[in-house]
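Read through the structure below, which is laid out as structure tokens, and then see the notes.
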Amino acid sequence: MANIGVIGTGYVGLTTSVCFSKIGHKVVGFDIDKEKIHRLNSGKSIIFEEGLEDLLQEGLNSNNLFFTDDALKLKDCDFYFLCVPTPQDKDGSADLSYIFNACVILRKVAKKNASIVTKSTVPVNAWREISNYLNRSDLVIVSNPEFLREGTAINDFFNPDRIVVGSSEKLKSIEVLELYKNKVASFVITDNTSAELIKYASNSFLAMKLSFVNDITSLCEKVGANSKDVLLGFGQDKRIGDKFIKPGPGWGGSCFPKDVKALLRVSEKNSQSMELLVATVSSNEKTFARVVDKLEILLGGSLVDKKIAGLGLSFKAGTDDYRDSPAIAIIDRIVGRGAQVSAFDPVVEIKEKFNFSKSLNLIEALQDSDAIVILTEWNEFSSLDPNFVAKFVRQKIILDARNILDKDTWERSGFKFESLGNWA
Ligand code: UDX
Ligand code: UDX
């Protein structure tokens, strides 16, 4: 049983905290956000994540877990997991200022010979900057990138495809690996730089795979092929794999967009061409535009003064996270072509001002709409009854940009129906 400090208790930090306390470690979650600390210590999750609140309460009740904004409470930890934000900087590189804020704290309170574990996605060779900034030769940096997916984060923590640890001291890497007490998962023990690059390479390849899938799906429409069958045959090749090949309105979220851009910046700085990644980003932009083009064609060639019901705001189902959401990128483009959008999402609570109206419920979004566009693959949308929907809309037109609906069912109810890639 180890004493673990987690700095930054957002999506990654909170998941990491509750899961390590579940394993039996003593965990102190540190965050600068007092309100968040208060909510967490009262057993309330601050994010929508399957199973997380139960594990949170279990951890609090077992006295294995508590949250604080008092850095001195971190002084007895042997491991400090950095889970603070590494957002995009103006030029697309990763901004390390929050990491350095955390280093200022750890320089003062970190226990002698402790390990500083980077879990936040940091640029390649950032570990050197972090080590210099800490300026404590007794503290070793262990790079341990996370591969958690929002919506399945708890499962991904306990059943990872692999655990990656990298540092200049192999023993320190092994100590971090052993914290997971995972006898079955594959693992990679390497150096810091390689561990950092594994994260970027993985996320960027997955984004590239999706851009390719979305382009092939669009080609299906042009050549008259059925994308469902095409991708089935494509994914059955074990070298390609049947995971991560679901066509959609484009990829987004709090990781892919910023990680792809950050890898592009690192490559540029090291004079390494990355045309594939440049194309991955531009292809994704084109996927957003293609969804809007399809809607415009469905509505006779113009979106001006049309009322559109946008179903879904989160970047994917299963999370309340709408950071860099494809849904919001597409709604923005629909409004840009002169339409009004009423958007509904079962869990997202919008904090900022956007150019669309957020509906309180599904009916409000559907009311008098000229067309519906499905943007997030929530179950409640895939089980929609077209006859129920028909009661509220002005025109029976629907674009399923997540391929979750049954074409025949909607057409039988008189809807003009479109999906992606003749999916059927
Ligand atoms: C973060 C990183 O942004 C991402 O790059 C990495 O891959 C995973 O960790 P996430 O957990 O989604 O992602 O971030 P977020 O949900 O924003 O949580 C970060 C937390 O750090 C917030 O609770 C914030 O209050 C806290 N924080 C921020 C600090 O405690 N100190 C700071 O200086 C800044
Ligand atoms: C991602 C990585 O998967 C995870 O390993 C890493 O730790 C953080 O970033 P996440 O951001 O939660 O996780 O989202 P993910 O499930 O990967 O989806 C990313 C985007 O791709 C979403 O917009 C999603 O809708 C889209 N997607 C995903 C598809 O369009 N089709 C698919 O088959 C899978």
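Keep in mind that what you see is a predicted model, and the values were worked out from it rather than measured. Start at 1 and go down the list; that is how both ligands and their atoms are numbered. In this chain, residues are counted from 1 in sequence order.
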query = If only atom types and distance count, is the side chain of Ser419 paired as donor or acceptor with the main-chain N or O of Asp400 below 3.5 Å?
reply =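 No.
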Please set out all donor-acceptor pairs under 3.5 angstrom arising from side-chain atoms of residues 98-108, sequence neighbours excluded.
residue	atom	partner	partner atom	Å
Arg107	NE	Tyr133	O	3.3
Arg107	NE	Leu134	O	3.4
Arg107	NH2	Tyr133	O	2.7

Any side-chain heavy-atom pair of Lys111 and Asp78 under 4.5 Å = yes
query = Side chains of Val18 and Ile154: does their closest heavy-atom pair fall under 4.5 Å?
reply = yes
key: Which segment of Leu210 sits under 4.0 Å of ligand 2 when only heavy atoms are counted   =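 Side chain only; the backbone of Leu210 stays clear of ligand 2.
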Within the structure, does [X] bring an N/O atom to less than 3.5 angstrom of an N/O atom in ligand 2?
X: Phe315; value: yes
X: Trp251; value: no
X: Phe256; value: no
X: Lys316; value: yes

ask   = Which protein residues have a heavy atom closer than 4.0 Å to any atom of ligand 1, listed by chain and number?
value = Gly8, Thr9, Gly10, Tyr11, Val12, Asp31, Ile32, Asp33, Lys36, Cys83, Val84, Pro85, Thr86, Tyr98, Asn101, Ser120, Thr121, Glu146, Lys258, Arg323
key: side chain to side chain donor-acceptor pair (under 3.5 Å) between Ser254 and Glu150, intermediate numbers included   = CA-CA 9 Å; Ser254 59; Glu150 292 180 25; 3.0 Å; yes
ask   = Restricting to pairs with a member in residues 196-214, which pass salt bridge (Lys or Arg N to Asp or Glu O under 4.0 Å), not counting sequence neighbours?
value =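 Checked against salt bridge (Lys or Arg N to Asp or Glu O under 4.0 Å) - neighbours excluded - the pairs reaching residues 196-214 are Glu146-Lys199.
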ask   = Are Arg333 and Asp293 ion-paired here, with the side-chain N under 4.0 Å from a carboxylate O?
value =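 Judged by the 4.0 Å cut-off on N to carboxylate O distance, Arg333 and Asp293 do not form a salt bridge.
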inquiry  = Give the atom numbers and elements of ligand 2 that come within less than 4.0 Å of a heavy atom of Arg402.
reply    =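 Answer, ordered by atom number: 25 (O), 30 (O).
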query = What pairs with Glu35 under side chain to side chain contact (heavy atoms under 4.5 Å, CB included), at least two apart in sequence or on another chain?
reply =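 Only Asp33, Arg39 meet the side chain to side chain contact (heavy atoms under 4.5 Å, CB included) criterion with Glu35.
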request  = Evaluate whether atom CZ of Phe147 has more than 12 neighbouring non-hydrogen atoms of other residues, nucleotides or ligands under 6.0 angstrom away.
outcome  =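 Count over threshold, so yes.
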